[in-house]
Amino acid sequence: MSNQQSGAVARYQLLPAVRDFISKPKRMLIGADWVAAASGETIDVLDPASEELLTTVPSGGEADIERAVRAAHAAFDSPAWRDLYPTVREKMILKLADLIEAHAEELAQLEALDNGKSVMMAQIIDVGAAVSFMRYMAGWTTKIEGSTIEVSPPMPGVKTFAFTRKEPIGVVGAIIPWNFPLLMAIWKVTPALVAGCTVVLKPAEQTPLSALRFAELVLEAGFPPGVLNVVTGYGHTAGAALARHPGINKVAFTGSTSVGKRIGHAAMDNLTRVSLELGGKSPMIVMADATLDMAIQGLAGGIFFNHGQVCTAGSRLYAHRKIFDKVVEGVAGAATQMKLGPGLDPTTQMGPLVSAEQRDRVCGYIESGLKAGARAIAGGGAASGKGYFVKPTVLVDTREDMAVVCEEIFGPVLVAAPFDDLDEAVRLANGTRYGLAASIWSNDLSTVHRLIPRLQAGTVWVNAHNVVDAALPFGGFKESGIGREMAYGNIEMYTETKSVLMFI
Ligand code: NAI
Ligand code: MG
């Protein structure tokens with residue numbers, strides 16, 4: 001292992017802190033302890049650009065989840081956490097944000113190494129957006145309010161006092177995907193900490209490294225042990241054990257719709273609160289009046305950002321027939337020019353997909369589309385050589401019943417089709433079981449406003465795509481999920497409301 005390890009790590013210009021982190025043995029954080037899995041088993045962590053082994057992490061299972069849930073409950077009940085003033089919790093979260101910012105380059109390198117994404121994108125989005133999100137959320141810590149309410153009991157003349165309290169929901173089980181490993185961890189953990197909860201976090205088996213580094217920073221920021229526990233492991237073992245654990249008070253999940261449904265069922269058996277941020281097949285609708293040069297750039301970013309491994313990826317392009325050819329040729333041109341390479345190479349525009357499994361899944365979709373009669377005007381399959389690279393692909397001549405048009409591909413694959421009028425654009429846009437996001441590209445305010453209410457999507461962007469903000473609710477219609485992250489509503493997902501009625 002040590003030879004292989006040095007091979008992958010030696011190739012890149014890495015900060016000493018990243019080299020040190022990669023080369024030291026990885027343990028999970030349970031309570032105050034860094035531990036191996038009870039089974040002693042491990043999971044290989046690969047560099048998706050070279051397919052070489054980087055390191056291993058514990059393969060946590062049911063016993064480890066059990067221990068972590070117990071540690072999280074102990075922390076939840078301990079005065080060291082429970083009795084902290086909101087101002088103190090807020091300060092800790094802000095300190096954690098400062099620490100993450102101070103280690104931004106290191107965390108971005110770790111993310112690029114583990115996931116394959118561009119290190120510059122990782123620094124701006126994965127780390128930068130995570131820090132902004134934390135600082136925004138930290139402010140809510142001191143602003144969680146109940147209300148006083150005038151009530152009318154059935155016995156006349158009684159004096160009453162009634163109020164509501166917002167209380168932390170308890171122990172949160174957070175299960176996250178591999179596309180934005182650190183950002184997803186922070187999207188779950190931060191609002192839980194704001195509300196006063198404690199957390200058991202299970203990162204994706206493909207990308208566990210930044211969550212373990214994050215856990216170190218959480219302790220450094222002064223959070224009491226047990227407030228955050230991290231169990232690395234597979235979904236069907238550690239993830240499933242966490243979702244069905246009766247000691248978990250809320251499950252927060254981001255990932256595939258199929259696993260989301262399974263998690264929802266498991267949670268419902270215990271009536272565990274659950275929020276699900278799931279898949280998408282988001283349309284990008286280009287009207288004939290759009291500013292095409294700007295739109296083409298935005299559309300290419302809409303699908304190819306993070307290699308299409310984005311829940312809101314603009315994976316279906318619908319352009320008015322008058323401008324269809326110009327738009328798809330423009331996006332195909334951008335696709336063909338993208339430079340593929342390791343995320344740690346600063347000149348790389350698109351890195352590898354996260355795993356061999358994802359490369360094969362995405363290429364399987366492309367093949368199925370081509371077999372069904374679609375035509376690739378850019379890309380069309382995997383790139384040759386080492387690494388899980390897939391060429392940015394644009395498919396035309398598609399039909400609505402093709403798998404490439406109705407199913408989430410989660411890779412750099414765009415399907416494009418023309419429309420003739422607004423009704424047809426709406427019908428096509430709403431034609432999948434998903435409803436996460438959509439974008440409209442137009443300068444005609446009247447058209448834009450007539451379109452917005454008709455789109456089945458949790459977020460609608462106009463002349464933009466994939467822009468998420470901590471202050472704006474985010475989540476899905478239809479099979480794209482349940483609940484809204486971001487904004488104050490995100491805090492409410494981690495609280496229970498207690499009504500108090502007193503006769504005085
Ligand atoms: P996944 O949904 O299996 O993985 C997400 C997380 O769920 C991981 O931490 C995984 O370990 C965990 N998990 C898996 N099975 C579980 C179970 N039975 N119980 C509890 N936790 C479980 O996604 P996967 O397999 O990595 O990717 C497959 C497809 O899912 C992708 O091609 C893409 O279409 C979709 N996906 C969507 C994401 C999104 O943000 N909407 C993120 C990741 C994947
Ligand atoms: Mg999986």
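One-based numbering, in listed order, for ligands and for the atoms of each.
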Report task. Could you tell me whether the side chains of Lys281 and Ser480 share a donor-acceptor contact shorter than 3.5 Å? Result -> no

Query raised in the report: Would you say Gln358 has any N or O atom under 3.5 Å from an N or O of ligand 1, going by distance alone?
Result: yes

Query raised in the report: Hey, is ligand 1 close enough to Ile176 that some N/O pair sits below 3.5 Å?
Result: yes

Query raised in the report: Looking at Glu400 and Arg427, does any basic side-chain N land under 4.0 Å from a carboxylate oxygen?
Result: yes

Query - Within-cut-off N or O pair, Glu277 and ligand 1, under 3.5 Å - result: no

Requested in this report: Salt-bridge test for Glu66 and Arg244: reply yes if a basic N is under 4.0 Å from a carboxylate O, no otherwise.
Outcome: no

Requested in this report: With heavy atoms of Ala240 as the reference, note each atom of ligand 1 found under 4.0 Å away.
Outcome: 19 (N), 20 (C)

Query raised in the report: Applying a strict 4.0 Å limit to heavy atoms, is Gln309 in contact with ligand 1?
Result: no

Report summary line: For Pro177, the ligand 1 atoms with a heavy-atom partner under 4.0 Å come out as 42 (C), 43 (C)

Query raised in the report: Looking only at distance, does Phe410 have an N or O less than 3.5 Å from an N or O of ligand 1?
Result: no

Requested in this report: For the residue pair His465 and Trp461, categorise the inter-ring angle as parallel (less than 30°), tilted (30 to 60°) or perpendicular (more than 60°).
Outcome: tilted

**Report entry** Test: Lys478 cationic atom under 6.0 Å from Tyr434 six-membered ring centre, within 45° of axis
**Finding:** no

Requested in this report: Indicate, as side chain, backbone, both or neither, the part of Glu357 found under 4.0 angstrom from ligand 1 when only non-hydrogen atoms are considered.
Outcome: neither

Query raised in the report: Are the side chains of Asp114 and Trp178 in touch, meaning some heavy atoms are under 4.5 Å apart?
Result: no

Query raised in the report: What about Ile175: any of its N or O atoms under 3.5 Å from an N or O on ligand 1?
Result: no

**Report entry** For ligand 1, the portion of Asn179 having any non-hydrogen atom under 4.0 Å away
**Finding:** side chain

Report task. Could you list the residues that satisfy side chain to side chain contact (heavy atoms under 4.5 Å, CB included) with Ala49, not counting sequence neighbours? Result -> Tyr12, Asp47, Pro342, Pro352, Phe389

Query raised in the report: Among Ile263, Val259, Thr207, Val354, which one has a heavy atom closest to atom 16 (C) of ligand 1?
Result: Val259

**Report entry** Proximal ligand 1 atoms for Arg361, defined as those under 4.0 Å from one of its heavy atoms
**Finding:** 27 (O), 28 (C), 29 (C), 31 (C), 32 (O)

Query - Electrostatic pair Arg484-Glu492, nearest N-O below 4.0 angstrom - result: no

Query raised in the report: Do Ser210 and Glu111 meet the criterion of a side-chain donor-acceptor pair at a distance under 3.5 Å?
Result: yes

Query raised in the report: Is the shortest N/O to N/O distance between Tyr234 and ligand 1 below 3.5 Å?
Result: no

Query raised in the report: Among Gly255, Ser480, Ser256, whose heavy atom sits nearest atom 2 (O) of ligand 1?
Result: Ser256

Report summary line: The atoms of ligand 1 lying under 4.0 Å from a heavy atom of Cys311, numbered in the order shown, are 39 (C), 40 (O), 41 (N)

Query raised in the report: Could Lys26 and Phe21 be counted as a cation-pi pair, given that NZ or CZ must be under 6.0 Å from the ring centre and within 45° of the axis?
Result: yes

Report task. Find all atoms of ligand 1 within a distance of less than 4.0 Å from any non-hydrogen atom belonging to Gly279, and give their numbers and elements. Result -> 41 (N)

Query raised in the report: Can a salt bridge be assigned to the pair Arg27 and Asp33 using a cut-off of 4.0 Å between side-chain N and carboxylate O?
Result: no

Requested in this report: Indicate yes or no: does Glu367 engage Lys371 in a salt bridge with an N to O separation below 4.0 Å.
Outcome: no

Query raised in the report: Which ligand 1 atoms does Ala204 reach within 4.0 Å, using its non-hydrogen atoms?
Result: 9 (O)

**Report entry** Residue part near ligand 1, for Ala243, under 4.0 Å between non-hydrogen atoms
**Finding:** neither

Query raised in the report: Which of the atoms in ligand 1, numbered in the order shown and given with their element, are less than 4.0 Å from a heavy-atom of Gly239?
Result: 19 (N), 20 (C), 21 (N)

Requested in this report: Using a strict 4.0 Å cut-off to heavy atoms of Gln206, name the atoms of ligand 1 that fall inside it.
Outcome: 26 (O)

Query raised in the report: Which one holds for Leu242 and ligand 1: side chain close, backbone close, both close, or neither close, with close meaning a heavy atom under 4.0 Å?
Result: neither

Requested in this report: Could you walk me through whether Lys386 and Glu52 pass the salt bridge (Lys or Arg N to Asp or Glu O under 4.0 Å) test, one step at a time?
Outcome: CA-CA 10 Å; Lys386 277 266 171 209; Glu52 286 169 30; over 6 Å; no

